[in-house]
Amino acid sequence: MFDIKAIRDNPAAFDAGLARRGLEPRSADLLDLDARRRALITEAQEAQSRRNAASKDIGRAKKAGEDAQALIDEVAGLKTRLAELEAERDRVETQLTEALAWLPNTPADDVPDGADENDNVELRRWGTPAAFDFEPREHFALGEALGQMDFEAAAALSGSRFVVLKGALARLERALGQFMLDVQTADHGYEEVTTPVLVREDALFGTGQLPKFADDLFRTTDDRWLIPTAEVTLTNLHREQIVEEESLPRRYAALTYCFRSEAGAAGRDTRGMIRQHQFNKVELVSVTTPEAGEAEQERKVGCAEAILQKLGLAYRVVSLCTGDLGATMRRTYDIEVWLAGQQRYREISSVSWAGDYQARRMNLRCRPKGERETRFCHTLNGSGLAVGRTLIAVMEAYQAADGSIAVPEVLKPYMGGLERIAAS
RNA sequence: GGAGCAGUGGCCGAGCGGUUUAAGGCGCACGCCUGGAAAGCGUGUUGGGCGCAAGCCCUCGCGGGUUCGAAUCCCGCCUGCUCCGCCA
């Protein structure tokens with residue numbers, strides 16, 4: 001959400017930001033609405049002021065036993081006028097806030113220009129993709145051969161884009177979630193949180209999934225929504241609050257189910273569990289002062305990378321170009337893990353800096369100790385990591401020629417000491 | 001699901017149609033007092049918006065309504081609590 005005052009101060013910069021998203025300039029229209037809105041407010045306030053004074057005089061006159069009819073008539077006239085002014089103001093204000101609510105965030109200056117994911121810029125690589133003296137298989141082939149990954153059973157229960165895991169593979173998924181949460185809380189200072197996964201519309205508006213991306217979400221019959229990521233619940237923890245800047249940054253981690261309709265992804269990644277309607281993810285959210293926002297993104301991407309390093313999985317970090325950047329974000333770093341079965345890097349984490357865009361939408365402010373002025377916080381989020389995709393990466397990287405899968409060293413304590421997952 | 005009660009400032013709590021520009025208390029900040037502190041005294045203490053400014057407007061859970069005038073009366077919603085029923 002944009003601040004109309006900021007647009008007023010620098011309309012050219014605002015339009016330039018839209019242009020980087022491939023959008024037409026909007027400042028002229030918005031500022032016109034803004035000017036009309038303010039004129040209506042000023043006039044209405046003058047009428048209110050007069051009405052308040054007259055009403056007090058009426059009270060005094062009646063108490064003194066005098067005739068107040070002339071004043072009562074005046075207030076009646078003001079009331080009619082006020083109703084008109086307020087109706088018109090509401091109309092203009094609604095138009096303005098609706099327009100602002102749909103606009104995407106301004107990309108940071110260093111975000112590369114580009115049309116789509118092919119224009120993303122690689123920042124660094126870590127690790128070397130494992131070499132195999134046999135043809136590495138994809139995770140679904142491995143999982144089905146092990147008898148521990150069942151897409152048919154899931155389809156019978158729920159349809160496509162679901163999976164049933166069993167035995168050691170189910171435990172491996174659980175192990176990954178526990179491991180990630182332990183690292184983020186113990187090593188990186190995130191506070192563990194469990195949240196609802198069903199939320200009201202307001203929460204989704206706050207983080208920016210609504211109104212624009214309703215099609216990507218599941219909605220319940222009682223008008224709640226399933227979260228597509230715990231970014232929604234963790235970031236909204238402080239909605240409508242003023243937090244002391246001393247208490248910032250606040251860092252939260254949650255392991256939750258995430259639900260996505262994948263409406264626009266028909267035909268993509270249809271095999272296996274790369275793209276599911278339901279998956280587990282450890283989400284990392286930070287709330288910071290405006291000054292600390294950008295540096296927090298660098299820190300957070302490191303927190304996500306740490307998981308892959310401990311698991312010994314090769315990855316690269318890319319900066320999303322303007323065409324691939326999510327609407328609510330100023331800058332996003334994707335971490336792409338090497339998938340041995342696909343022989344390519346695939347997204348496993350997305351770490352973003354939203355600036356004050358989400359904070360404005362949810363009215364989340366902070367205040368320096370002892371000062372009166374408030375300002376909007378910065379919010380950040382990142383996966384640390386997507387559990388399902390990490391399971392895939394582990395399976396494919398740690399597979400043996402016989403189809404068994406070695407358990408990575410750091411996960412053994414979580415697997416009851418199991419060394420290797422073999423057919424059950 | 002049924003029945004009832006309640007939401008007031010950072011917190012507690014009064015007010016239930018007109019000097020309420022929300023009493024009183026606690027907490028907090030500053031000042032006086034003191035060798036220093038406590039106590040005491042005094043002052044301040046929600047958050048927004050409009051305006052070049054002076055200043056004004058809104059804000060008693062949220063949104064409507066009644067009235068010349070609403071924290072106060074009416075309706076809807078949200079939240080919390082109590083009892084009953086059901087349930088992991």
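Chain letters run A, B, ... following the sequence lines, proteins first and then strands; every chain starts at 1.
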Participant: Would you kindly give the CD-to-P distance between A:Glu93 and B:G63, to the nearest whole Å?
Facilitator: 12 Å
Participant: Could you tell me how far apart A:Arg89 (CZ) and B:C57 (P) are, to the nearest whole angstrom?
Facilitator: 15 Å
Participant: Determine the interatomic distance between C1' on B:G47 and the same-named atom on B:A38; round to the nearest Å.
Facilitator: 35 Å
Participant: Between A:Thr328 and A:Asn105, does a side chain to side chain donor-acceptor pair (under 3.5 Å) hold up when you go through it step by step?
Facilitator: CA-CA 5 Å; A:Thr328 56; A:Asn105 207 342; over 6 Å; no
Participant: Specify the separation, in whole Å, of atom CD of A:Gln48 and atom C1' of B:U21.
Facilitator: 17 Å
Participant: Of the listed nucleotides (B:G47, B:C56, B:G51), which one gets closest to any side-chain atom of A:Ile242?
Facilitator: B:G47
Participant: Report the distance from atom CG of A:Asp57 to atom C1' of B:U19, rounded to the nearest whole Å.
Facilitator: 12 Å
Participant: Between B:G47, B:C58, B:G49, which nucleotide gets closest to the side-chain atoms of A:Arg51?
Facilitator: B:C58
Participant: Rounded to whole Å, please give me the gap between CG in A:Leu40 and P in B:C58.
Facilitator: 17 Å
Participant: For A:Ala39 and A:Ala54, take the nucleotide of RNA chain B holding the closest heavy atom to each; which residue's nucleotide lies nearer the 5' end?
Facilitator: A:Ala39
Participant: I would like to know whether A:Asn280 and A:Leu176 meet side chain to side chain contact (heavy atoms under 4.5 Å, CB included); could you show each step before the answer?
Facilitator: CA-CA 10 Å; A:Asn280 273 310; A:Leu176 281 166; over 6 Å; no
Participant: Would you kindly compare A:Asn363 and A:Asp90 by the position of their nearest RNA chain B nucleotide and give the one closer to the 5′ end?
Facilitator: A:Asn363
Participant: Restricting both atoms to N or O, compile the protein contacts to nucleotides 78-80 of chain B shorter than 3.5 Å, with distance only.
Facilitator:
residue	atom	partner	partner atom	Å
B:C78	O3'	A:Arg200	NH2	2.9
B:U79	OP1	A:Arg200	NH2	2.5

Participant: Quick check: closest heavy atoms across A:Arg250 and A:His238, and the distance to 0.1 Å?
Facilitator: NH2-CE1, 3.7 Å
Participant: May I have all residue pairs that pass side chain to side chain donor-acceptor pair (under 3.5 Å) and include part of residues 93-102 of chain A, sequence neighbours excluded?
Facilitator: A:Arg37-A:Glu93
Participant: Do A:Ser286 and A:Glu296 have a side chain donor and acceptor closer than 3.5 Å?
Facilitator: yes
Participant: Just to confirm, is there a sub-4.0 Å distance from OP1 or OP2 of B:G48 to any side-chain nitrogen or oxygen of A:Arg365?
Facilitator: yes
Participant: Per the side-chain hydrogen bond (donor to acceptor under 3.5 Å, both in side chains) rule, which among A:Asp113, A:Thr106, A:Asp109 passes with A:Arg20?
Facilitator: A:Asp113
Participant: So what's the dot-bracket for RNA chain B: Watson-Crick or G-U pairs under 3.5 Å, [ ] if a pair crosses, | if it pairs off-strand?
Facilitator: ((((((((.[[[..)..(.....]]]((((((.......)))))).((((....))))..[[[[[..)....]]]]])))))))....
Participant: Ignoring backbone atoms, test whether A:Asn52 places a side-chain nitrogen or oxygen under 4.0 Å from the OP1 or OP2 oxygen of B:C58.
Facilitator: yes
Participant: Does one side chain, of A:Glu298 or A:Tyr333, offer a donor that lies under 3.5 Å from an acceptor on the other?
Facilitator: yes
Participant: Test A:Arg137 against A:Gln399 for side chain to side chain donor-acceptor pair (under 3.5 Å), laying out the working first.
Facilitator: CA-CA 8 Å; A:Arg137 290 195 269 172; A:Gln399 64 179 295; 4.9 Å; no
Participant: Apply side chain to side chain contact (heavy atoms under 4.5 Å, CB included) to the pair A:Met273 and A:Leu165, showing each step before the final yes or no.
Facilitator: CA-CA 11 Å; A:Met273 48 184 295; A:Leu165 297 176; 4.2 Å; yes
Participant: Ignoring the backbone of A:Ser49, work out which of B:G48, B:C57, B:G49 is nearest its side chain.
Facilitator: B:C57
Participant: Check each residue of residues 72-80 of chain A for a non-hydrogen atom within less than 4.0 Å of any atom in RNA chain B, then write out the ones that pass by number, or none.
Facilitator: A:Ile72, A:Val75, A:Lys79
Participant: Does any pair with a residue in residues 175-187 of chain A pass side chain to side chain donor-acceptor pair (under 3.5 Å), and if so which ones, sequence neighbours excluded?
Facilitator: A:Asp182-A:Tyr414, A:Gln184-A:His188
Participant: Has A:Arg38 got a side-chain N or O lying under 4.0 Å from the OP1 or OP2 atom of B:G51?
Facilitator: yes
Participant: More than 12 foreign heavy atoms under 6.0 Å from CD of A:Glu291: is that the case here?
Facilitator: yes
Participant: Could you give the distance separating B:G63 and B:C78 at their P atoms, to the nearest angstrom?
Facilitator: 15 Å
Participant: Give a yes-or-no answer on whether the side chains of A:Gln358 and A:Thr379 include a donor-acceptor pair shorter than 3.5 Å.
Facilitator: yes
Participant: Atom CZ of A:Arg36 and atom P of B:C50: how far apart are they, to the nearest Å?
Facilitator: 17 Å
Participant: Under 6.0 Å from the CZ atom of A:Arg219, do we count more than 12 heavy atoms belonging to anything else shown?
Facilitator: no
Participant: Anything under 3.5 Å between a protein N or O and an N or O of nucleotides 15-18 of chain B, put it in a table, one pair a line.
Facilitator:
residue	atom	partner	partner atom	Å
B:G18	N2	A:Ser55	O	3.2

Participant: Between A:Arg367 (CZ) and B:G48 (C1'), how many Å, whole number?
Facilitator: 13 Å
Participant: Please measure how far the P atom in B:C77 lies from the corresponding atom in B:U59, and state the result in whole Å.
Facilitator: 23 Å
Participant: Say you pick atom P in B:U66 and the same atom in B:C74; how far apart are they, in whole Å?
Facilitator: 15 Å
Participant: Send over the distance from A:Glu240 CD to B:G48 P, rounded to a whole Å.
Facilitator: 12 Å
Participant: For A:Arg37 and B:G49, is the shortest distance between a side-chain N/O and OP1 or OP2 below 4.0 Å?
Facilitator: no
Participant: Taking the C1' atom in each of B:A71 and B:A6, what is the distance between them to the nearest angstrom?
Facilitator: 15 Å
Participant: Has the side chain of A:Gln45 got a donor or acceptor that lies under 3.5 Å from a partner of the other kind on the base of B:G49?
Facilitator: yes
Participant: Would you confirm whether the ring centroid of A:Phe2 sits within less than 6.0 angstrom of the ring centroid of A:Phe14?
Facilitator: yes
Participant: So which nucleotide from B:G49, B:G48, B:C58 ends up closest to the side chain of A:Ile41?
Facilitator: B:G49
Participant: Given B:G48, is OP1 or OP2 found less than 4.0 Å from the side-chain N or O atoms of A:Thr374?
Facilitator: yes
